[in-house]
There are 2 protein chains.
Amino acid sequence: MNLKQLSEILGLSQTTVSRALNGYPEVNAETRERVEAAARKHNYSPNRRATSLATGRSMTIGHVIPASTQHEMVNPIFGDFVAGAAGVYGEEGYDMLFSHVTDGDEERAYTDLKRKGTVDGVIVQGPKVNDARIEVLTRLGLPFVVHGRSSGAGQDYSWVDVNNRRSFKRATEFLLDLGHRRIALINGLEDMDFAQRRRAGYLEALAERGVTPDPTLMRSAEMTEVYGHHETRDMLALSDPPTAILAASMISAIGVRRAIEEAGLTIGKDVSVITHDDELSYLRNGQDVPIFTATRSSVHQAGRVLAEMLLRRIEDPTAVPEQILLEAELVVGRSTGPAPTGD
Amino acid sequence: MNLKQLSEILGLSQTTVSRALNGYPEVNAETRERVEAAARKHNYSPNRRATSLATGRSMTIGHVIPASTQHEMVNPIFGDFVAGAAGVYGEEGYDMLFSHVTDGDEERAYTDLKRKGTVDGVIVQGPKVNDARIEVLTRLGLPFVVHGRSSGAGQDYSWVDVNNRRSFKRATEFLLDLGHRRIALINGLEDMDFAQRRRAGYLEALAERGVTPDPTLMRSAEMTEVYGHHETRDMLALSDPPTAILAASMISAIGVRRAIEEAGLTIGKDVSVITHDDELSYLRNGQDVPIFTATRSSVHQAGRVLAEMLLRRIEDPTAVPEQILLEAELVVGRSTGPAPTGD
DNA sequence: TGGGAATTTGAAACCGCTTTGGACGCCGCA
DNA sequence: TGCGGCGTCCAAAGCGGTTTCAAATTCCCA
């Protein structure tokens with residue numbers, strides 16, 4: 001059942017039927033009702049491809065996934081983020097499209113997306129320091145918003161980010177207040193912008209208290225469980241091991257905990273742990289009392305906020321970019337305690 | 001730059017240019033080269049919407065996400081599965097589209113997808129027992145493949161599944177061989193088909209050894225960390241607690257471990273644990289020696305296999321359905337040991 | 001040397017929708 | 001009575017490709 005058939009059944013022109021269904025004013029109320037009834041009856045809904053060819057809008061939002069390492073997608077954070085965004089898209093009638101870039105040439109991927117008209121806008125995930133995508137997208141004039149920021153990217157662009165610097169600074173201060181001096185940082189990949197900011201916050205807190213940072217206590221890699229475990233085990237074996245650890249995600253924190261327990265130590269007593277908690281649905285930080293003391297910020301919520309922002313930009317691409325900086329809470333759980341007295 | 005402009009530049013008809021670019025044989029080799037060079041030079045690539053309107057193929061694959069509970073998406077398994085599938089789509093020039101269904105009416109969602117022509121085929125995730133989607137899709141004639149199976153769904157359809165019954169049977173037998181008799185099952189939601197099969201395997205093993213199943217040792221819910229922890233804590237507080245636990249995923253197993261350790265017990269000694277391991281990238285089961293004894297089957301690989309199968313079906317929708325049953329390995333880690341002797 | 005086959009190209013129809021530019025009838029007002 | 005304006009509706013021109021059908025050219029061989 002397409003528009004032509006429907007209009008023939010009704011004895012009307014395609015024009016009128018189309019207008020009736022799209023809520024244009026210049027159609028008789030009675031006619032409109034007839035049309036709507038017929039559409040319902042015959043289960044008609046317009047062909048998306050034809051509509052978008054005619055209007056120039058595709059009603060879909062793109063998420064580009066770099067293939068080489070499919071970091072984004074397999075990262076458990078991805079699901080919650082995307083689910084948040086998907087909720088908004090659904091409400092507004094948008095679909096969500098994932099494009100898989102074969103190799104590093106994201107520039108080409110975006111150019112294609114723009115030219116092929118597959119999407120109306122894109123969300124940029126996992127921005128790196130000085131991320132080239134931002135320049136490409138502004139040049140192409142394809143509406144976009146960034147989840148996070150990219151230091152060094154000159155342009156004025158729209159983003160939503162957590163105040164990573166401040167939250168990790170606060171977490172570090174919290175540990176310093178508890179008397180810890182040997183505080184380790186198990187960070188995410190440091191070419192990621194957020195990881196840089198977290199490290200900056202951590203260093204800032206140490207500096208203000210006159211604690212000299214120890215490079216052997218600063219680790220950085222992808223935020224997996226195995227990595228958290230590996231680095232922790234490694235550091236606990238040092239002659240002067242850390243008494244506190246800052247982890248970048250629940251997943252790596254779980255590895256941290258495993259290593260601590262394997263070493264026969266008690267978390268929150270022998271070694272304190274603070275993690276960043278994205279409030280993943282499947283990995284809640286405990287039900288009543290938090291398992292980990294944590295800097296908390298919902299990535300699901302971030303997905304929603306970003307999606308809404310993007311749809312606004314699509315509506316009015318010339319508007320000045322918006323920026324939202326979310327503050328993370330510091331919630332106290334059972335994984336932190338006073339520094340053990342060296343005796 | 002569109003086809004018309006390009007053809008004018010070349011002084012050729014749109015027909016010829018289109019043919020040259022799409023590899024039709026009836027075009028002069030020299031002409032083809034000229035066209036290809038010009039296309040490269042002017043950075044031309046055909047508009048996806050127009051192409052798909054003309055051909056009737058959208059070159060995108062749909063994944064439908066039930067909105068109510070966005071289980072699928074936030075499940076960490078989702079990312080790895082989808083990444084596997086995305087790899088295949090990318091290689092074959094397909095895009096991946098997520099549709100967000102507002103409420104339970106998936107029937108309508110699929111009907112729309114079909115009628116609007118948004119996708120060429122869909123992957124059905126998380127099939128329930130007697131899943132209605134299968135009937136709807138066969139009726140609509142929209143190519144699809146199912147990740148898992150659905151008992152009771154009459155039709156003959158294409159699927160890829162892990163032999164859940166057998167793998168959980170083997171795991172249970174493994175524990176029985178170690179002398180365990182009070183074996184708990186912390187299952188996924190039991191309206192999910194895979195959970196039913198796992199339970200069946202578990203019960204089968206018990207029955208063959210003459211062990212009467214204890215309903216208080218059989219739990220079922222969404223496979224989160226908190227849930228694994230909660231149920232384990234609960235069961236360990238029983239007057240006659242289990243000496244072994246079968247968990248449905250790495251995530252819940254982590255909760256299980258936390259509860260065991262909180263109870264002051266040792267995993268693999270006081271309580272044995274076997275989990276199913278989907279080989280999630282961010283949650284590997286240890287690096288060298290597995291953390292958990294586990295039934296192992298890569299969900300990433302399953303994603304690939306399903307995607308390939310779906311593309312085959314799209315190619316030839318009339319072909320007889322394919323079915324692939326993957327066997328899970330049973331890998332022995334450090335979370336299992338002989339049943340503690342009751343003294 | 002002529003004619004049928006093979007090769008190469010093009011005009012135009014079509015995919016299913018939106019939207020522009022009228023057309024038509026009717027009303028109200030001068 | 002005449003005419004502008006309003007309310008409704010429609011024919012047709014896009015949107016940017018693919019594909020059918022036919023034409024023009026070249027080739028080959030009797």
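Remember, predicted model here, so these are calculated numbers, not experimental data. When reading the values below, keep in mind they use all heavy atoms of this one structure, side chains included, and skip hydrogens, waters and symmetry mates.
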[N] phosphate, OP1 or OP2: any side-chain N/O from [X] under 4.0 angstrom?
X     : N      : answer
A:Y24 : D:dC9  : no
B:N47 : D:dC15 : no
A:T16 : D:dC10 : yes

Within-4.5 Å side-chain heavy-atom neighbours: B:R133 and B:Y110: yes
In the structure I gave you, are the side-chain heavy atoms of A:V162 and A:F194 within less than 4.5 Å of one another anywhere? no
Rounding to a whole Å, what distance do you find between A:L10:CG and D:dC9:P? 12 Å
If you look at every heavy atom in A:K128 and A:S150, which pair is closest and at what distance? O-OG, 2.8 Å
Donor + acceptor pair across side chains of A:T55, A:S52 (<3.5 Å): no
Can a donor-acceptor pair be found between the side chains of B:S45 and B:N43 at a distance below 3.5 Å? no
Counted 5' to 3', the first and last nucleotides of DNA chain C within 4.0 Å (strictly under) of a heavy-atom of chain A are C:dG16 to C:dG21
Just to be sure I understand the rule, does A:R49 reach a base, reach only the sugar-phosphate, or reach nothing, if contact means heavy atoms closer than 4.0 Å? nothing
When all nucleic acid strands are considered with a 4.0 Å heavy-atom cut-off, which category describes B:S52: base, sugar-phosphate, or nothing? nothing
Which nucleotide in the list D:dC9, D:dG16, D:dT20 gets nearest to the side chain of B:A54? D:dG16
